[in-house]
*Asks:* 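So that we are looking at the same thing, I have put the structure below in structure tokens.
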Amino acid sequence: MQITGKTKIVGIFGYPIEHTFSPPMHNAAFNALGIDYCYIPFSVKPGTLATAVSSIRALNLKGVNITIPHKEKVIPYLDELDKEAEIAGAVNTIVNRDGKLIGYNTDGRGFFNSMKESGVTLDDKRIMVLGAGGAARAITLTAVAKNPKQLTIANRTQEKSVILAQQVMDVYQCTDVGAISLEDIESLYNFDILINATSLGMKEDDPFPVDPDLIHNRLTVCDIVPKVTPLSIEARKKGAKVVDGFGMLLHQGALSFELWTGLTPPLEVMRDALQSKVPQKVI
Ligand code: ATR
């Protein structure tokens, strides 16, 4: 990669940012297509987000990904929101169109594409979603809630599961979405799919988002955390089908790539770059 005065800069804003897998994935894709772009991580501390976002214009960045903890807080600083970002109330991709900052959310479609690639269909399934934050909202409202047989949302803060369930019922004109607290989950026996959309599993000492004794071998366990998590390890041990968060990371990144460049992302190049950074063969 040769950086010149013409190189177009994109990147990611988050805090902490040290462990992001996105720069190698995108830079490999730029190299493979021979386009003059470079992807850089930016450590943006809470409290400096407004300045960081206005620097997208000032420095003429072509766009950025937005990650924890800024996905929701970034919205007031943008000029326009795409429909999926608006529904999710969260943004993971900003595109700078001639100084106009447009917020997108590729998490939901990234999750959907990852499920599809893993052979998991969400239609007509009994699904439990853990979490009601930005990522949970994006994947639930864009992908999970389209046509489930049954849907329950469980979150540590129960009021947030109630709000998300109500939003699903409003968007999809249905009446029977469950909203409980994480600690109220007594059994997963009557569920086909468990989705961890909390951030639990990111940090080494995080507890399980759900009692691992409840996992059974008829369950498909999808973890959106892009790591080999205690949940995914335990689920594999129990004989459950597991879809790790790397697939969603890959596919949401591919969709961001397309938004910035207008080009078809070289998915296998991005997958290989990601794979070379993770310890086990998982995607
Ligand atoms: P993201 O953009 O990744 O979704 P977020 O919006 O901060 O990040 O949401 C984080 C999710 O993980 C929330 O569902 C959060 O639960 P609360 O709504 O109760 O905060 C969940 N979460 C984070 N830490 C948790 C913990 N220690 N135990 C249980 N749930 C946790």
Side-chain angles (χ1 to χ4, degrees), residues 12-17 19-22 44-47 49 64-78 81 84-94 103-112 114 127-145 151-168 177-185 194-212 214 221-227 229-232 244-249 251-253 256:
I12 181 165
F13 290 179
Y15 189 83
I17 201 65
H19 304 294
T20 177
F21 292 117
S22 293
V44 175
K45 286 192 178 153
L49 183 62
V64 287
N65 280 134
I66 300 291
T67 189
I68 289 174
H70 303 308
K71 285 185 181 179
E72 291 158 66
K73 293 192 184 77
V74 77
I75 289 178
Y77 307 119
L78 303 177
L81 273 193
E84 282 168 354
E86 193 177 337
I87 289 176
V91 162
N92 79 332
T93 307
I94 297 175
Y104 293 85
N105 194 314
T106 66
D107 282 338
R109 272 186 299 141
F111 176 80
F112 181 81
S114 162
I127 304 174
M128 169 83 77
V129 174
L130 310 178
R137 282 207 304 278
I139 66 170
T140 304
L141 288 158
T142 312
V144 177
L151 176 59
T152 301
I153 296 157
N155 194 46
R156 173 178 59 179
T157 314
Q158 194 181 351
E159 301 87 81
K160 281 170 67 181
S161 25
V162 172
I163 292 169
L164 178 54
Q166 188 57 54
Q167 205 180 349
V168 169
V177 177
I180 60 173
S181 159
L182 270 186
E183 60 192 25
D184 291 338
I185 302 173
L194 174 72
I195 301 170
N196 176 37
T198 73
S199 49
L200 289 176
M202 294 276 249
K203 291 192 244 119
E204 289 297 314
D205 53 354
D206 274 345
F208 281 92
V210 67
D211 179 353
L214 301 182
V221 176
C222 312
D223 201 332
I224 70 158
V225 174
K227 272 191 166 184
T229 61
L231 177 67
S232 65
D244 288 276
F246 295 103
M248 174 172 156
L249 179 65
H251 286 283
Q252 63 77 33
S256 300

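One is the number of the first residue; the rest follow in order along the sequence. One-based numbering, in listed order, for ligands and for the atoms of each.
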*Asks:* Donor-acceptor pair, D223 side chain versus V225 backbone, under 3.5 Å?
*Replies:*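 Checked: pair present.
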*Asks:* Indicate whether atom 7 (O) of ligand 1 is within a distance of less than 4.0 angstrom of some protein heavy atom.
*Replies:*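 There is no protein heavy atom less than 4.0 Å from atom 7 (O) of ligand 1.
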*Asks:* Could an N or O of ligand 1 be found under 3.5 Å from any N or O of L200, whether backbone or side chain?
*Replies:* no
*Asks:* Roughly how far apart are N196 CG and T229 OG1, rounded to 0.5 Å?
*Replies:*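 Rounded to the nearest 0.5 Å, the CG-OG1 separation comes to 7.0 Å.
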*Asks:* Side chain of E84, backbone of L141: donor and acceptor closer than 3.5 Å?
*Replies:*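 Between the backbone of L141 and the side chain of E84 there is no qualifying donor-acceptor contact (under 3.5 Å).
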*Asks:* Mind checking whether L182 has an N or O less than 3.5 Å away from an N or O of ligand 1?
*Replies:*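 It does not: no N or O of L182 is found under 3.5 Å from an N or O of ligand 1.
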*Asks:* Is the shortest distance from a heavy atom of E72 to ligand 1 less than 4.0 Å?
*Replies:*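 Under 4.0 Å: yes for E72.
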*Asks:* Among all protein non-hydrogen atoms, which one is nearest to atom 9 (O) of ligand 1, and what is the separation to 0.1 Å?
*Replies:* G133 CA, 3.4 Å
*Asks:* Is there a donor-acceptor pair under 3.5 Å between the side chain of Q158 and the backbone N or O of A179?
*Replies:* yes
*Asks:* OG/S199 to CG/L130 distance, rounded to the nearest 0.5 angstrom?
*Replies:* 11.5 Å
*Asks:* Who's closest to atom 22 (N) of ligand 1 heavy-atom-wise, of R156, K203, K73?
*Replies:* R156
*Asks:* Looking only at non-hydrogen atoms, which of S199, P207, A88 approaches atom 12 (O) of ligand 1 most closely?
*Replies:*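 Among S199, P207, A88, the closest heavy atom to atom 12 (O) of ligand 1 comes from S199.
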*Asks:* Please say whether T198 places an N or O atom under 3.5 Å from an N or O atom belonging to ligand 1.
*Replies:*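 For ligand 1, there is no N or O atom that lies under 3.5 Å from one belonging to T198.
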*Asks:* Looking at atom 19 (O) of ligand 1, what's its closest protein heavy atom, distance included?
*Replies:*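 I find the closest protein heavy atom is T157 OG1, 2.4 Å.
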*Asks:* Quick one: does S161's side chain have a donor or acceptor within less than 3.5 Å of a partner on I180's backbone?
*Replies:*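 At least one qualifying donor-acceptor pair exists.
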*Asks:* Output yes when a side-chain donor or acceptor of K227 lies under 3.5 Å from a complementary backbone atom of M202, and no otherwise.
*Replies:* yes
*Asks:* Please check whether I68 reaches ligand 1 - meaning an N/O of the residue sits under 3.5 Å from an N/O of the ligand, judged on distance alone.
*Replies:*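 No; the residue has no nitrogen or oxygen that sits under 3.5 Å from a nitrogen or oxygen of the ligand.
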*Asks:* Can you tell me the protein heavy atom closest to atom 4 (O) of ligand 1 and the distance?
*Replies:* A135 N, 2.8 Å
*Asks:* Sub-3.5 Å donor-acceptor pair from the side chain of N155 to the main-chain atoms of A132, do we have one?
*Replies:* yes
*Asks:* Where's the contact between N155 and ligand 1, heavy-atom distance under 4.0 Å: side chain, backbone, both or neither?
*Replies:*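 Within the 4.0 Å criterion, N155 contacts ligand 1 through side-chain atoms alone.
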